[in-house]
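We count ligands from 1, going down the list as the structure has it; atoms in each ligand are counted the same way. Starting from 1, each residue takes its place in the sequence as its number. None of the values given here were measured: they were computed from a predicted structure.
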Amino acid sequence: MRVAVFGTKPYDRRFLLAANEAFGHQLKFYEPRLDADTVELARGCTAVCVFVNDVVDAHVLGLLAEGGTRLVALRCAGFNNVDLAAAGQLGIEVVRVPAYSPHAVSEFTIGLMLALDRKIPRAWNRVRENNFALDGLIGRNLNGRIAGVVGTGKIGALVARALRLGFGCEVLASDIAEDPELIEAGVVYVDRSELLAASDIVTLHCPLTPDTHHMIDDAAIARARDGLMVVNTSRGALIDTNALIRGLKSRKIGGVALDVYEQEADLFFEDLSSEIIDDDMFQRLLTFPNVLITGHQAFLTEEALSSIAGTTLQSIADAERGLPLANRVDASLVRPG
Ligand code: NAD
């Protein structure tokens, strides 16, 4: 199948080309993201392959349909950037990679917690300058703390297990469906507001939906324990960033580790080191000593990239042959608030 691959980075190209040896699709790689300005590049391509920040709204989908596109293949798990209702009306199928490597994201999440809590980036900066003083580097043990995991699907379950069984945290969880194996491992399900009020650490692993949008807001922060640590490797808009900044300024929040950010589409995945950044909210976040941010890289392991490429190209091959699409997403997967 002829496929326009948007937002291509060198690593996407490398893993997709390697996996495509088994499929022989005609892959056309484009560096820009898919949006209303770049959609023309997909004209004549039966499929487009996109990532988390491509714009796949009703307008773009309409233009894709006009150009002959019948399939949107997301090379990620989340699909909040796609207007699924519009896709359905236009007869465009949407597929994703529901589970490429939950370990990649869960391990990175634990890494962020440890790096933030034990001040590892600050320590490394000091050592590089031959400053071996330890003042200001006092951390906290994870052991014995109360960790709240919101969303115990593939990634959240691994994080909950690691925190409970690996580090000896008390783990609270909230989800619309409980996982009996986690309960057996000692994880305690509570409702979301109880979790947010009782946890020392809150880590987010649920999808972005109307119900979860800005779940960490002024009200949630006001009810939280003093010194709360917030970790988000899921989707930026789960957190009201302005509220987070207010919480940091008031010292109510003791630490923040983010791999995702609600306005990340204007920043992440690009080298902007010589640019002026207009996003004052993001720049303010960077000024706090107790904030650690990475640019949406939790998925970025050899295993995950290889799995993403293979699953995406398999879905495209299945669509080409008219086979049932195992990784199809449609509007019924979005649970309204
Ligand atoms: P999953 O579908 O396996 O798990 C999501 C869980 O959230 C499910 O158990 C679901 O029941 C639960 N959930 C849904 N609505 C909820 C609600 N309102 N409140 C509480 N829980 C709710 O997904 P996953 O593979 O574990 O991925 C989790 C999220 O991680 C994805 O939605 C995606 O946004 C994000 N992600 C980020 C990266 C990254 O690189 N940072 C990579 C992959 C996925």
Numbered atoms and elements of ligand 1 in range of Ala298, under 4.0 angstrom, heavy atoms:
39 (C), 40 (O), 41 (N)
Donor-acceptor contact below 3.5 Å, side chain Tyr261 vs main chain His296
no
Are the side chain of Thr311 and the backbone N or O of Ile308 linked by a donor-acceptor pair below 3.5 Å?
no
Is the closest basic N to carboxylate O distance between Asp117 and Arg145 below 4.0 Å?
yes
Any side-chain to backbone donor/acceptor pair from Arg225 onto Ala198? Under 3.5 Å, distance only.
yes
Could you list the atoms of ligand 1 found under 4.0 angstrom from a heavy atom of Val105?
38 (C), 42 (C), 43 (C)
Return yes when Ala99 approaches ligand 1 closer than 4.0 angstrom through a heavy atom, no otherwise.
no
Counting from 1 in the order shown, the ligand 1 atoms closer than 4.0 Å to a non-hydrogen atom of Asp259 are 39 (C), 40 (O), 41 (N)
If you measure every N or O of Gly78 against every N or O of ligand 1, does any of those distances drop under 3.5 Å?
no
Phe282 and Phe268 aromatic ring geometry - parallel, tilted or perpendicular at 30°/60° bounds:
perpendicular
Under 4.0 Å from a heavy atom of Thr212: which atoms of ligand 1 are those, numbered in the order shown and with their elements?
17 (C), 18 (N)
Are the side chain of Arg126 and the backbone N or O of Ala133 linked by a donor-acceptor pair below 3.5 Å?
yes
Geometric N/O contact Lys154 with ligand 1, under 3.5 angstrom:
yes
Considering distance alone, does some N or O of Phe299 sit under 3.5 Å from an N or O of ligand 1?
yes
From Val260, Asp211, Val150, Val159 - option closest to atom 18 (N) of ligand 1 by heavy atom:
Asp211
Hey, what do you get for CD (Glu262) to CG (Leu208), rounding to the nearest 0.5 Å?
9.5 Å
Any salt bridge between Arg70 and Glu320, counting N to O under 4.0 Å?
no
Distance filter under 4.0 Å to Thr233 heavy atoms, resulting ligand 1 atoms:
36 (N), 37 (C), 38 (C), 39 (C), 41 (N)
For Asn125 and Arg122, indicate whether the former's side chain and the latter's backbone hold a donor-acceptor pair under 3.5 Å.
no
Assess the side chains of Ser307 and Ser101: does a donor N or O sit below 3.5 Å from an acceptor N or O?
no
Heavy-atom proximity to atom 7 (O) of ligand 1 ranks first, among Pro207, Ser174, Ala104, Gly153, for Pro207
Contact between Met215 and ligand 1, counting heavy atoms under 4.0 Å?
no
At a 4.0 Å cut-off, with the gap strictly under it, does some heavy atom of Asp175 reach an atom of ligand 1?
yes
Atom of Cys206, atom of Met215 and distance for their closest heavy-atom approach:
SG-CE, 3.4 Å
Under 4.0 Å between heavy atoms, the region of Asn80 that gets near ligand 1 turns out to be neither
Of Ile308, Ile155, Asp179, which has the heavy atom at the shortest distance from atom 26 (O) of ligand 1?
Ile155
One finds that the ligand 1 atoms under 4.0 Å from a non-hydrogen atom of Arg235 are 33 (C), 34 (O), 35 (C), 36 (N), 37 (C)
So is Tyr100 touching ligand 1 or not, going by heavy atoms under 4.0 Å?
yes
